Structure formats: structure tokens, C-alpha cells
Amino acid sequence: MSGGQVDAAKPLVCGEPTDPATDPATDPATGAFVDHRNLLFTVAYEMLGSAADAEDVLQETWLRWVGVDLGTVRDRRAYLVRIVTRQALIRLRALGRRRESYVGPWLPEPLLTAPDVAEDVELADSVSMAMLLVLETLSPTERAVFVLREVFDLDYDEIAEAVGKSQPAVRQIAHRARAHVAARRPRDTVSPNQTREALHAFQQAVETGDLQSLLDILAPDVVLLSDGGGIKHALLRPVVGAGKVARLLAAGLDRFGTEVSVEPVGVNGHPGLVMRIHGEIDGVVAMRIEGGLVTGVYFVRNPDKLSHVERETSLSR
């Protein structure tokens with residue numbers, strides 16, 4: 001390794017450089033990248049809803065970053081965010097075409113998150129499964145502008161450089177995206193305790209197969225979405241209504257009986273459940289809760305989306 005060229009291996013991108021030539025203590029480019037790695041991953045993940053694609057975007061960001069003359073960079077954090085945003089936009093536009101042929105509902109890739117993510121209420125809200133699904137309804141540029149402004153509080157001039165638009169255009173896009181999201185996000189603020197209580201009730205109902213207990217915590221218009229990606233069995237369409245959702249969940253549990261175990265964990269900054277069959281992870285359940293009732297159930301079974309529930313993922317703003 002010479003001439004400033006760094007092997008773009010996964011350990012480096014994951015923030016664990018092992019080669020002396022890329023030691024953050026001696027290499028400024030590597031040090032800056034590692035310092036902001038969690039932030040860059042969070043930006044990419046919120047734009048893409050996929051941890052695997054976010055990691056690929058970080059790889060591309062690193063390759064471009066090591067070619068930059070640091071002497072010309074006034075703000076390394078802003079410069080890195082600009083690179084990762086542009087790479088995420090490229091990836092997001094490509095993913096939009098791929099998702100058109102996705103088998104069944106597409107759900108974001110769930111992350112196992114540490115308690116510190118839940119403590120940052122704004123960050124937890126921005127990475128929740130419910131919010132990521134709302135962000136899916138924005139155009140790529142709207143999503144980038146919304147994430148950078150509302151979540152990371154970047155100035156309009158920084159966002160304009162990142163998305164290649166003028167400041168007035170970015171302000172208009174931000175206003176439009178904000179209104180779009182406000183019309184679709186949960187209406188009320190739910191405390192962590194309320195969420196935990198609803199999840200505990202849901203878990204008990206799931207473990208006992210008690211249909212009435214399920215009905216008691218499901219909103220009348222609750223929506224169940226399941227994502228098997230064409231690999232695992234999953235519903236090809238949303239299921240709407242407390243009765244239908246409760247009966248479907250109860251029937252699924254009856255099928256596996258005592259082979260199923262349920263573990264409460266932090267999923268995308270909120271309480272969620274990891275479901276195992278014979279000790280192997282079968283899926284992750286996240287929920288949207290409003291007014292003390294479950295209004296959305298998101299069940300991810302696609303094995304390609306479950307690698308980030310084996311270990312905690314660090315997120316930051």
C-alpha cells in the first residue's frame with residue numbers, strides 16, 4: 001500500500017482500520033473518515049432504508065475521500081456528508097427501479113440498536129420503521145433534503161451543494177417534503193414507556209396465542225405488512241383490520257407452537273421483537289403505535305435483511 005492508496009476493505013469502512021498505513025492516529029484522511037463513520041452510515045441508511053446498501057455507499061464514499069486533497073477542505077464533516085449524500089442519491093435512484101419488481105411489500109432493513117439511540121428521541125423517530133416507510137414516498141431528492149435538514153440540521157447552502165440544487169430550490173423542496181411527511185407520520189408522540197407496554201402486551205398475546213388479547217391492543221384499522229423478499233413465505237399484500245391481523249398472527253403461531261421464541265430488543269431506536277424458530281432468527285417485528293394501540297405491524301422475514309439484528313449498529317447525528 002503506497003502513494004496514499006488505501007485498500008477499501010470492509011474492516012476499514014466499518015471503522016476498524018488494521019493497516020499501519022491507515023491508522024487514524026497517523027493518517028488524517030482515515031482519521032476523519034473513522035471519526036464521522038457512524039454519522040455517514042446514518043445518513044446513508046436513512047436515505048436508503050437498507051444497511052447493506054448503506055455500507056456499499058460508505059465504500060464508495062471512502063474511495064472518493066482518499067483521493068481528495070485535504071488541504072483544500074475547509075470542513076471535513078460537511079465534505080464527507082456531501083460525498084455520502086451524492087453516492088446515496090445515485091444508489092437510491094437505482095434501487096427505485098429494482099424495488100418495482102420486488103416480491104410482495106418492501107420493508108426497510110431492521111437494525112438492532114443500542115439504548116442510546118432510543119434516548120435521542122429525534123434520531124429514534126427518524127430511523128423508525130414507520131418513518132422510513134414514509135420517506136419511501138418521497139422522491140430521491142426530496143428524501144435527501146428532508147433527511148439532511150430535518151434530521152441532521154444542515155444549513156441550506158450545505159444541502160444545496162450536496163444535492164446539486166440552488167438554495168431557493170432546496171428551500172422549496174424542503175417545504176414540500178416537510179408537508180408531505182407531516183401528513184403521513186404518526187399524529188401523536190408516544191413515550192418509550194407506552195411503546196414498551198404495548199410491545200409487552202403484544203408479546204404476551206403472541207406467546208399465549210390469546211386472540212382477545214391481540215384484539216385489545218390492535219387499532220381497528222391496523223395494517224400488517226410482511227417482507228419475505230420472495231425467499232421466505234410472506235403475505236404478498238397488506239392485511240388491514242384488527243380481526244384479520246389477530247387471526248393471522250394467532251394462526252401463524254399455532255403452526256409453529258412451542259418451536260417459536262420471542263425476544264424483546266431495540267429495533268431502529270424503538271422496542272421490537274426478534275422471533276426465533278428452533279433458536280434461529282426467523283424474523284423481526286417492529287410496530288407503529290398511536291393512542292396506545294398498535295396501528296402498524298411490520299414483519300421482516302427476508303433473510304437478506306436480518307444480518308444487522310445479530311449485533312448492535314451504531315447510529316449518530
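Quantities reported herein were computed from a predicted structural model and do not represent experimental measurements.
- Around atom CD of E263, more than 12 heavy atoms belonging to other residues, nucleotides or ligands sit under 6.0 Å away.
- Formation of a donor-acceptor pair under 3.5 Å by the S314 side chain with backbone atoms of N38 is not found in this model.
- A donor-acceptor distance shorter than 3.5 angstrom exists from the side chain of R317 to the backbone of V151, with no hydrogens or angles considered.
- Closest approach of V57 and A44 over heavy atoms only: CG1-CB, 4.1 Å.
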Should L225 and L133 be marked as a side chain to side chain contact (heavy atoms under 4.5 Å, CB included) after you check the CA-CA gap, both sets of side-chain angles, and the distance that decides it?
-> CA-CA 11 Å; L225 297 173; L133 283 173; 4.2 Å; yes

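- Hydrophobic cluster membership is shared by L39 and V73, with clusters built from Ile, Leu, Val, Met, Phe, Trp and Tyr side chains linked at under 4.5 angstrom.
- A distance-only check finds a donor-acceptor pair linking the side chain of S226 to the backbone of L235 [under 3.5 Å].
- Salt bridge annotation for R76-D35: absent, with no cationic side-chain nitrogen under 4.0 angstrom from a carboxylate oxygen.
- Atom CD1 in I90 sits 12.0 Å away from atom CG in L95 (nearest 0.5 Å).
- Counting heavy atoms from C-beta on, the side chains of D75 and Y79 never come closer than 4.5 Å.
- Of the possible polar contacts, none joining the W65 side chain to the L80 backbone as a donor-acceptor pair under 3.5 Å is found.
- Side-chain contact between V274 and V262 is absent, with no heavy-atom pair separated by less than 4.5 Å.
- The CG atom of L215 sits 10.0 Å away from the CG atom of L249 when rounded to the nearest 0.5 Å.
- Using a 30° and 60° split on the angle between ring planes, F41 and Y45 fall in the parallel class, below 30°.
- When all heavy atoms of P28 and L70 are compared, the closest pair comes out as CB-CD1, 3.7 Å.
- Put simply, the side chain of V170 does not reach to within 4.5 Å of the side chain of D157, judged on heavy atoms.
- The closest donor-acceptor contact from the side chain of R301 to the backbone of I231 lies at 3.5 Å or more, if one exists at all.
- Residues R149 and I159 are in side-chain contact: their nearest non-hydrogen atoms beyond the backbone lie under 4.5 Å apart.
- A 4.5 Å side-chain heavy-atom check between W62 and T30 finds at least one atom pair inside the cut-off.
- Looking at P271 and M287, their side chains never come closer than 4.5 Å, going by heavy atoms from C-beta outward.
- Atoms CG and CD, from N268 and E46 in turn, are 9.5 Å apart once rounded to the nearest 0.5 Å.
- Residues V117 and V309 do not share a hydrophobic cluster, clusters being chains of Ile/Leu/Val/Met/Phe/Trp/Tyr side chains in contact below 4.5 Å.
- Note on W106: it does not cluster hydrophobically with V297, by side-chain heavy-atom contacts below 4.5 Å among ILVMFWY residues.
- Closest approach of T295 to I289, counting heavy atoms only: OG1-N, 4.3 Å.
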Show your reasoning for whether side-chain hydrogen bond (donor to acceptor under 3.5 Å, both in side chains) applies to T141 and R93.
-> CA-CA 10 Å; T141 302; R93 291 177 178 122; 3.2 Å; yes

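- We find the CD-CD distance between Q87 and Q59 to be 11.5 Å, quoted to the nearest 0.5 Å.
- Residues P108 and V300 approach most closely at O-CG2, 3.9 Å, considering heavy atoms.
- Between R82 and E158 there is no salt bridge, since no side-chain N of the basic residue sits under 4.0 Å from a carboxylate O of the acidic one.
- Annotation for A144 and L89: closest pair CB-CD2, 4.0 Å, computed over non-hydrogen atoms.
- Annotation: salt bridge (charged side-chain N to carboxylate O under 4.0 Å, His left out) contacts involving residues 134-146, sequence neighbours excluded, comprise R99-E136, E136-R143, E142-R176.
- At least one donor-acceptor pair closer than 3.5 Å links the side chain of H270 to the backbone N or O of A124.
- Hydrophobic clustering (ILVMFWY, side-chain heavy atoms < 4.5 Å, transitive): L248 and M275 are in one cluster.
- Two different hydrophobic clusters hold V285 and L293 under the rule that ILVMFWY side chains link at heavy-atom gaps under 4.5 Å.
- Of all heavy-atom pairs between P110 and V267, the closest is CB-CG1, 4.0 Å.
- Within the 4.5 Å cutoff, the side chain of V284 has no heavy atoms near those of the L273 side chain.
- Between E55 and R37 there is a salt bridge, since at least one side-chain N of the basic residue sits less than 4.0 Å from a carboxylate O of the acidic one.
- Within the structure, every pair that satisfies the salt bridge (charged side-chain N to carboxylate O under 4.0 Å, His left out) test and touches residues 227-236, not counting sequence neighbours, is listed here: D227-K305, K232-D282.
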Kindly indicate, with the supporting measurements, whether the criterion side chain to side chain contact (heavy atoms under 4.5 Å, CB included) is fulfilled by T137 and H180.
-> CA-CA 9 Å; T137 64; H180 183 96; 2.7 Å; yes

Tell me, with the steps shown, if L111 and L315 meet side chain to side chain contact (heavy atoms under 4.5 Å, CB included).
-> CA-CA 10 Å; L111 303 178; L315 302 174; 4.1 Å; yes

Yes or no on side chain to side chain contact (heavy atoms under 4.5 Å, CB included) for D125 and R185, after CA distance, side-chain angles and deciding distance?
-> CA-CA 10 Å; D125 177 62; R185 75 192 311 169; 2.5 Å; yes

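- From Y298, atom OH reaches atom CG of L107 across 8.5 Å, with rounding to the nearest 0.5 Å.
- The shortest side-chain heavy-atom distance between R288 and M129 does not fall under the 4.5 Å cut-off.
- Here CZ of F146 is found 13.0 Å from NE2 of H175. Values are rounded to the nearest 0.5 Å.
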